[in-house]
Enquirer: 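Below you'll find the structure I mean.
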Amino acid sequence: MPAAPDSEAPAALAVLTPAAFAAARGQAAHALLEGLNAEQRAAVTLPAEHALILAGAGSGKTRVLTTRIAWLLQTGQVSPGGVLAVTFTNKAAREMQARLAAMLPLNARGMWMGTFHGLANRLLRTHWKAAGLPQSFQVLDVQDQLAAIKRLCKQFNVDEERWPARQLQWFINGCKEEGLRPPDVPVKDADSRRKVELYELYEQQCQREGVADFGELMLRSYELLRDHADLRGHYRQRFAHILIDEFQDTNRLQYAWIKMLAGLPQAGAHPGEPSPERTGGTIMAVGDDDQSIYAFRGARVGNMADFVREFGVRHQIKLEQNYRSHGHILHAANLLISHNQRRLGKNLRTALGAGEPVRVLQAPSDFAEAEWVVDEIRHLVREGGLPRQQIAVLYRSNAQSRAIESQLFNAGVPYRVYGGLRFFERAEIKHALAWLRLLLNPADDTSFLRVVNFPPRGIGARTLEQLQDAARAAHAPLHQAVPALTGRARANLAAFTGLIATLRQQAQGQTLDQVVELVVEGSGLADHYRAEKDGQERLENLQELASAAQAFAQQEGFGRDAVALPPAAPQMDAGMEAGLPAEMDAQAAPASEPAAGEPPLAAFLTHAALEAGDNQAQAGQDAVQLMTVHASKGLEFEAVFITGLEEGIFPHDNAQASPDGLEEERRLMYVAITRARQRLYLSHAQVRMLHGQTRYNVRSRFLDEMPDEALKWLTPKNPGRSLAEDETFGSAGRRFGLNAGPNAGLNAGLGERAWRPMPDAARAAALPSATANTREGAPIRAGMQVFHNKFGEGAVLEIQGTADDAKARIEFKRHGVKLLALAVAQLTPLP
DNA sequence: TGATACACGCTTTTT
DNA sequence: GCGTGTATCA
């Protein structure tokens, strides 16, 4: 179907009138527009000029993006090779690819579609020489990077107290995200000078070892284009259309990278830069400033405004028609986000009708909150007929999942927790990958140190220190320094390096999954885990790694019998010193296709670093989904619970210091709300166990920033409103009470929870209705006997303060004297 | 050299 | 409350 050559079609089409345009394009192209609304259609069919699409939550953003690409191809405005489509996550990239494939019978291989880092990697693999990297450079993930920094710090006797490795890592990544090399970093004091020094040393170490961290992929590929006019010219000409997803999440470097590719050099950033060469492609940036929730890791919403200004963007389209949520939910979201000052401005609308009101619960404790959530979930599944996987429980921080998990577990409701250890991050997998990396590159000292004594082979810290000293003295990688040692240390190390050499030999001519199995067995990893009593799962994961390798080889089209390793001895130590620009210029401008010709093993290792994989805990089962609000972005569910809506938790304490922080928290809440299709439940608890301490929290301000008419409080919002009045869903309150009995029995039966359900008396006292009475009706006075749902029975010694600030000093029978705020503490007077 | 004990700290997270 | 990482001991 496609594809006139890049050059000819666009100009011709751009000047046609809409009518002529419509007549000219094929029927197939026309069909692409079916079912799109006016805004979406306008975005898809924009002329070839820079554009910003403000795509609200649930407004069909991905659809617009993919249809736009299909449209460009179908109308012959661009060939697949002329498209560059960038996303943040592999998942988003895969989704885009799949949807496009469904739309067009097209081999998307020629298209550059992927994550920022994936595409940066592709550039660097293709032009490794020009970029000054060894051909088979390895990618360091976060863990590897931290290990590398720790090693560096040890070597240079850095005071771990003053400069914690984590902090250095954060500093280095921050610099790279800003596009700053060590000489560019402003130095304020001795402390920052030292940090910059270490940054520089770290870079040298990476260069020596032939590895690149995530930030390096971006920065190095940016510099590659900046410093090589021929390459820059080539790619600018090639990529006629650049499409960027989640533009509000781009950091400074990513935007600069886009500018470099699109032909708008960063003005003034580099004096040597010739005047702007505006020969690049057209950018379509898609994003939503209201969903910018990654400022903490460098995302810069300001890039949206900068883009409009710097590129003179004339086309801005807002997608405000929401296809996901019912009216009350959307109304709540709209009003909440309107409390933010700094927005581009957007108001979502839906055609789905008002739907159910948003239900809000005040629970006496986190435990009760969880209990209520589980009750509602069972109700939704049983009576509402909802599949469990269409129900999500969201929370601000991971620590909050525990309470919900326990309750779901006790109730026997299947659930899946997102986040946590991903497949390629597991220790046993990292070990196996380190062995594999050493086959390819024995100079990879990070990998060397990871497995030199794992499984244990009698090489201790002492020996390694000697080895590192020797290597340093010789300016050589660790494996080359082995002969410098003596005695048993040397023998043990030689056995290790010998084993690697042997494995490399045996791996010759084998396929990727065979090599993986060979290494898992030959390294002793398998035996080690077989001997361990809890090693079964790890063994299975290693088995899984071989399967993953096989799947990968197939997916990448390496053919069934493709040999994993290059036949010749791998190139390594040579050519790792800084790359030589002169040499690169000699290299011909890139051929059209960038298939870097990486051997399967190298490609697989890159894949493992660039894509951490899922944590497939209970995948596949019909399970309730538990995740942080951050993790929920981009997803949707029929029913959503947002828990822990308390000041200090959501919005989080650490974010309240600055207005910006608070606005980001509010956007986070906005994201959470807009995940829900039909039903939304919000809850907060008066007492919560957090980090082993009891906290009394005031309800989140966000609850007061949503419209009353869209909310339905299941417990009284203001003291005095009674639960029983609630007809439709008041049963929630009652059910909540009634279920206490059977549930308590169930819990008791399953035993050994540290935080068993409250005794019935306490439970009754903790029920919302009882609460209301307490707070409104029966004032607490000195001398009274009271019941507290955590501390039990106690005597009120005195009352301090008045009104909302009133506190009671209470002597509890088992917990001593406590000072509790009457406004929050659940106190029931006892006769 | 390996195993166990005790601080420590702790928002969010993709690549 | 729990996992991680270092310190110390056998």
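In what follows, every chain begins at residue 1, and chains take the letters A, B, ... in the order their sequences are listed. What you are looking at is a predicted structure, and each value in this text was computed from that prediction instead of being measured.
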Enquirer: Find out whether Ser683(A) and Phe641(A) are in side-chain contact, i.e. whether some heavy atom of one side chain is under 4.5 Å from a heavy atom of the other.
Expert: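 Ser683(A) vs Phe641(A): side chains apart.
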Enquirer: Glu246(A) CD to dT13(B) P: how many Å, rounded?
Expert: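 Distance check: Glu246(A) CD to dT13(B) P gives 15 Å.
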Enquirer: Across the strands shown, which category fits Val142(A) at heavy-atom distances under 4.0 angstrom: base, sugar-phosphate, nothing?
Expert: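 Base, at least one base heavy atom under 4.0 Å.
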Enquirer: When you measure from the side chain of Asn654(A), which nucleotide among dT6(C), dT15(B), dT11(B) comes out closest?
Expert: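 For Asn654(A), the side-chain atoms sit closest to dT11(B).
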Enquirer: Can you tell which of dT1(B), dT15(B), dT11(B) lies closest to the side chain of Glu665(A)?
Expert: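 From the listed options, dT11(B) comes nearest.
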Enquirer: Determine whether the aromatic ring centres of residues His127(A) and Tyr235(A) are separated by less than 6.0 angstrom.
Expert: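 Yes, close enough.
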Enquirer: To the nearest 0.5 angstrom, please state how far the CZ atom of Arg457(A) sits from the NE2 atom of His528(A).
Expert: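 Atom-to-atom, Arg457(A):CZ and His528(A):NE2 are 11.0 Å apart.
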Enquirer: Glu216(A) pairs by side-chain hydrogen bond (donor to acceptor under 3.5 Å, both in side chains) with which of Gln207(A), Gln145(A), Lys176(A)?
Expert: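 Testing each of Gln207(A), Gln145(A), Lys176(A) against Glu216(A), the sole residue satisfying side-chain hydrogen bond (donor to acceptor under 3.5 Å, both in side chains) is Lys176(A).
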Enquirer: Of all the nucleotides listed (dT15(B), dT13(B), dT6(C)), which has the minimum atom distance to the side chain of His117(A)?
Expert: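 Selected nucleotide: dT15(B).
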Enquirer: When you check the gap from the basic side-chain N to the acidic O, do Asp249(A) and Lys633(A) get nearer than 4.0 Å?
Expert: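 A salt bridge links Asp249(A) with Lys633(A).
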Enquirer: Give one of base, sugar-phosphate or nothing for Gln656(A), where a contact means two heavy atoms less than 4.0 Å apart.
Expert: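 Nothing, no nucleic acid heavy atom in range.
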Enquirer: Look at the side chain of Pro456(A) and decide which nucleotide, out of dG2(B), dT11(B), dT15(B), has an atom nearest to it.
Expert: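 Out of dG2(B), dT11(B), dT15(B), the nucleotide with an atom closest to Pro456(A)'s side chain is dG2(B).
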Enquirer: In this structure, how many angstroms lie between the C1' atom of dT15(B) and the CE atom of Met218(A), rounded?
Expert: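 The distance from CE of Met218(A) to C1' of dT15(B) comes to 10 Å, rounded to the nearest Å.
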Enquirer: If you only use heavy atoms from C-beta on, which nucleotide in dT12(B), dT15(B), dT6(C) is closest to the side chain of Ser397(A)?
Expert: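 Looking only at side-chain atoms, Ser397(A) lies closest to dT12(B).
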Enquirer: Once you round it to whole Å, what is the distance between C1' of dT13(B) and CZ of Arg422(A)?
Expert: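 Whole-Å distance recorded here is 9 Å.
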Enquirer: Mind calculating the distance between CD (Gln167(A)) and P (dG9(B)) to the nearest angstrom?
Expert: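 Whole-Å distance recorded here is 12 Å.
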Enquirer: Output the single nucleotide from dC10(B), dT15(B), dT13(B) whose closest atom is nearest the side chain of Arg297(A).
Expert: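 Nucleotide nearest to Arg297(A)'s side chain: dT13(B).
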Enquirer: Just checking Phe296(A): base, sugar-phosphate only, or nothing, at a heavy-atom cut-off of under 4.0 Å?
Expert: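 It contacts base atoms.
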Enquirer: Using whole Å, what does the distance between atom P of nucleotide dG5(C) and atom NZ of Lys154(A) come to?
Expert: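 Distance check: Lys154(A) NZ to dG5(C) P gives 13 Å.
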Enquirer: Identify, between His691(A) and Arg462(A), the residue whose nearest nucleotide on DNA chain B lies closer to the 5' end.
Expert: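 Result of the comparison: Arg462(A).
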Enquirer: Looking at every strand, decide which applies to Asp213(A) at a 4.0 Å heavy-atom threshold: base, sugar-phosphate, or nothing.
Expert: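 Since no nucleic acid heavy atom lies under 4.0 Å of Asp213(A), the category is nothing.
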Enquirer: If the cut-off is 4.0 Å, is Asn121(A) near the phosphate of dT15(B), judged by side-chain N/O to OP1 or OP2?
Expert: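 Result: no.
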Enquirer: Could you check, using the six-membered ring where one of them is a Trp, whether Phe88(A) and His117(A) have ring centers closer than 6.0 angstrom?
Expert: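 No, ring centres 6.0 Å or more apart.
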Enquirer: Choose from dT15(B), dT13(B), dG1(C) the nucleotide whose nearest atom is closest to any side-chain atom of Thr628(A).
Expert: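 Nucleotide nearest to Thr628(A)'s side chain: dT13(B).
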Enquirer: What contact category does Leu146(A) fall into here, base, sugar-phosphate, or nothing, at under 4.0 angstrom with non-hydrogen atoms?
Expert: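 The answer is nothing, as Leu146(A) stays clear of every strand by at least 4.0 Å.
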Enquirer: Return the 5'-most residue of the pair Thr89(A), Ile293(A) with respect to DNA chain B, ranking by each residue's nearest nucleotide.
Expert: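 Closest to the 5' end, via its nearest nucleotide, is Ile293(A).
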Enquirer: Please state how far atom CD in Gln400(A) lies from atom P in dG1(C), giving the value in whole angstrom units.
Expert: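 The answer, rounded to whole Å, is 16 Å.
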Enquirer: Measure CD/Glu425(A) against P/dT13(B) and give the value in whole Å, please.
Expert: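 So the CD-P distance, Glu425(A) to dT13(B), works out to 12 Å.
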Enquirer: Is any side-chain heavy atom of His431(A) closer than 4.5 Å to a side-chain heavy atom of Phe454(A)?
Expert: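 His431(A) vs Phe454(A): side chains touch.
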Enquirer: Whole angstrom is fine here: how far is it from CG in Asp245(A) over to P in dT14(B)?
Expert: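 In whole Å, dT14(B) P lies 16 Å from Asp245(A) CG.
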Enquirer: Looking across every strand, which nucleic acid part, if any, lies under 4.0 Å from Asn453(A) by heavy atom: base, sugar-phosphate, or nothing?
Expert: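 Sugar-phosphate only.
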Enquirer: When rounded to the nearest Å, what value does the distance between P atoms of dT4(C) and dT13(B) take?
Expert: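 That atom pair is separated by 16 Å.
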Enquirer: Would Tyr294(A) count as stacking on dT13(B) if stacking means ring centres less than 5.5 angstrom apart and planes tilted under 30 degrees?
Expert: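 It does not: the ring fails the test against the base of dT13(B).
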Enquirer: Taking only side-chain nitrogens and oxygens of Asn398(A), does any of them come within less than 4.0 Å of OP1 or OP2 of dT13(B)?
Expert: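 Yes, Asn398(A) has a side-chain N/O under 4.0 Å of OP1/OP2 on dT13(B).
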Enquirer: Please work out if Gly458(A) contacts a base, only the sugar-phosphate, or nothing of the nucleic acid, heavy-atom cut-off 4.0 Å.
Expert: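 Sugar-phosphate only.
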Enquirer: If anything within 90° of 0 is syn and all else is anti, what is dT12(B)?
Expert: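 Because its glycosidic torsion lies more than 90° from 0, dT12(B) adopts the anti conformation.
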